[in-house]
Amino acid sequence: MITNDKFVELARTYGTPLFVYDGDLMLERYRELFSFIPCRRLHIHYALKANYNPALLTLLRDAGSGIDAVSPGEVALALALGFSPDRIIYTANNMTDAEFDRVMKTGVTVNIGSLSRLKKCADKYPGSRICLRFNPDVCDGDNAMTMTGGDLTKFGIMLADADEAARIAGSGNLHIIGLHEHTGSGLQHAESVLKSMDNLMEIATKERFAELEFLDFGGGFKVPYKDDETRIDYVDMGRKINEKFDRFCEKYGKELLMRFEPGKYLSAECGTLIVEVNTIKHNRSRVIAGCNSGFPQLIRPVLYGAYHKIENLTNPDGIPSLYDVCGNICETGDRFAEQRLLPEIREYDLLAVKNAGAYCYSMGSVYNLRPMPAEVVIADNKVADFRKAQSDEELVAGILRK
Ligand code: LLP
């Protein structure tokens, strides 16, 4: 565990804003999944979109993880870091023909989520081995924008089209080696995972899909963001997942591989963004703590109304008061927290924004032309990797490049 003193030391050494990742915690979360889900044929494919830090990816690669990639860029990064093509699944939606061709050439399994793309695949790549993504028809997630299942979203082939999918696949002698579903991110109810599994298994009959090697149930495992949020009982859920899968394999007549694609579960809690407060302002009704980062570097509060716990690293025992913790971007919504009770914040205090390991750096941008922060990875309790921030000059050179 990285202590608050260590966070302060890292901030003093490397400067702020600074993303700090606890690689040991990420590996602990990875291994936990294998103890929760007692299936010998479980493969975890980390959803790289959550955090693409190369040092973290290398730790996961060495631990045996595969990758869930959603763009040719993500496939290219995973391959460059030595993930073997058979441990990468490419699940893009609305991909272009050129993207499809590029990934088919790599030997990575492509996960097709529309009948239209399936037809094109049958015509152009007859005999190939592919996976089909279905919409599990279950709505869950931590907010409307991260619910993936259900008929209002763009994802996957509808379950009712399973026969048509099998027919199209047959027309091109495609080998359907896997079926996939992803219900949403930050799933609130364990039952949703089980219901989605049921729905996918219902269409995964030997008559329709005789050559299955795996079923992939996506990601979505929730982690608590608030202190009073309860952790889902993953031991109980894992046992139910396993029993369900065993029953399915028995019926199907073959021991298939079980795959999950967690992003948040592995990386959210391992990340912390350290920022420095440079301005305290007493506006009429609010005290503003203005810091040297902003929503382009951690967008979840603005985009989803997400809660990220904040700690005052350098004045933890200060008298608590209400603050708006704001960033340095020219927009009113540029806040990490609104009316948050925090120990007294003084100028030059260091704040830690917690659970910043998933969908923070990876959703970052250089809006207002502020380069993304440096990143430090801790593994084996020491600094394993440091990735420095781009300088303003490098950022400008990139913009002027033709
Ligand atoms: N598999 C597929 C096909 C996905 O689309 C996703 C996430 C995952 C796996 C991993 O889901 P996770 O285990 O991380 O929940 N930016 C949002 C989350 C978007 C998730 C997109 N897809 C957020 O910050 O909450």
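Order of appearance sets the numbers: ligands from 1, and atoms from 1 within every ligand. In what follows, residues are counted from 1 in the order of the sequence shown.
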Test of proximity, Thr146 against ligand 1: N or O pairs below 3.5 Å:
no

Tell me if the centroids of the rings in Tyr225 and His308 come within less than 6.0 Å of each other.
yes

In this structure, OH of Tyr265 is separated from OH of Tyr30 (nearest 0.5 Å) by 13.5 Å

Quick one: look up the protein heavy atom nearest atom 20 (C) of ligand 1 and list residue, atom name and how far away it is.
Tyr359 OH, 3.6 Å

Within-cut-off N or O pair, Asp68 and ligand 1, under 3.5 Å:
yes

Taking the side chain from Asn292 and the backbone from Val275, do they hold a donor-acceptor pair closer than 3.5 Å?
no

Rounded to the nearest 0.5 Å, what separates atom CG in Leu179 from atom CZ in Phe209?
5.5 Å

heavy-atom search around atom 15 (O) of ligand 1 in the protein gives Ser185 OG, 2.5 Å

Is Arg300 touching ligand 1 with its side chain, its backbone, both, or neither, if touching means heavy atoms under 4.0 Å apart?
side chain

Within less than 4.0 angstrom of ligand 1, does Met363 place any heavy atom?
yes

To the nearest 0.5 Å, what is the distance between OH on Tyr323 and CG on Leu351?
10.0 Å

My understanding is that we take every heavy atom of each candidate and find the minimum distance to atom 13 (O) of ligand 1. Doing that for Gly220, Ala92, Ala268, which one comes out nearest?
Gly220

Anything under 30° is parallel, anything over 60° is perpendicular, the rest tilted; go ahead and classify Tyr234 against Phe36.
parallel

Under 6.0 Å between ring centres, would you say that holds for Tyr367 and Phe295?
yes

What residue and atom, counting heavy atoms only, is the protein's closest point to atom 5 (O) of ligand 1, and at what distance?
His182 CD2, 3.5 Å

Could you list the atoms of ligand 1 found under 4.0 angstrom from a heavy atom of Gly263?
10 (C), 12 (P), 13 (O), 14 (O)

Min heavy-atom dist Ala50 to ligand 1 below 4.0 Å
no

Numbering the atoms of ligand 1 from 1, which are under 4.0 Å from a heavy atom of Pro262?
13 (O)

Residue part near ligand 1, for Tyr265, under 4.0 Å between non-hydrogen atoms
neither

Please confirm whether Ala358 comes under 4.0 Å of ligand 1, counting heavy atoms of the residue only.
no

Is there a polar contact between ligand 1 and Thr91, counting only N or O atoms under 3.5 Å apart?
no

Check against side-chain hydrogen bond (donor to acceptor under 3.5 Å, both in side chains), Asp101 and Tyr125:
CA-CA 9 Å; Asp101 291 342; Tyr125 297 97; 2.7 Å; yes

Of all the heavy atoms in Lys49, does at least one lie under 4.0 Å from an atom in ligand 1?
yes

Between Glu261 and ligand 1, does any nitrogen or oxygen pair lie at a separation below 3.5 Å?
yes

Of all protein heavy atoms, the one nearest atom 16 (N) of ligand 1 is Tyr304 OH, 2.7 Å

Arg117 side chain to Met95 backbone, donor-acceptor under 3.5 Å
yes

Between Lys240 and Asp236, is the salt bridge (charged side-chain N to carboxylate O under 4.0 Å, His left out) condition met? List the steps.
CA-CA 6 Å; Lys240 289 179 179 151; Asp236 180 62; 2.8 Å; yes

Between the CE atom in Met26 and the CG atom in Asn51, the distance rounded to the nearest 0.5 Å is 6.0 Å

Any N/O pair Lys264/ligand 1 closer than 3.5 Å
yes

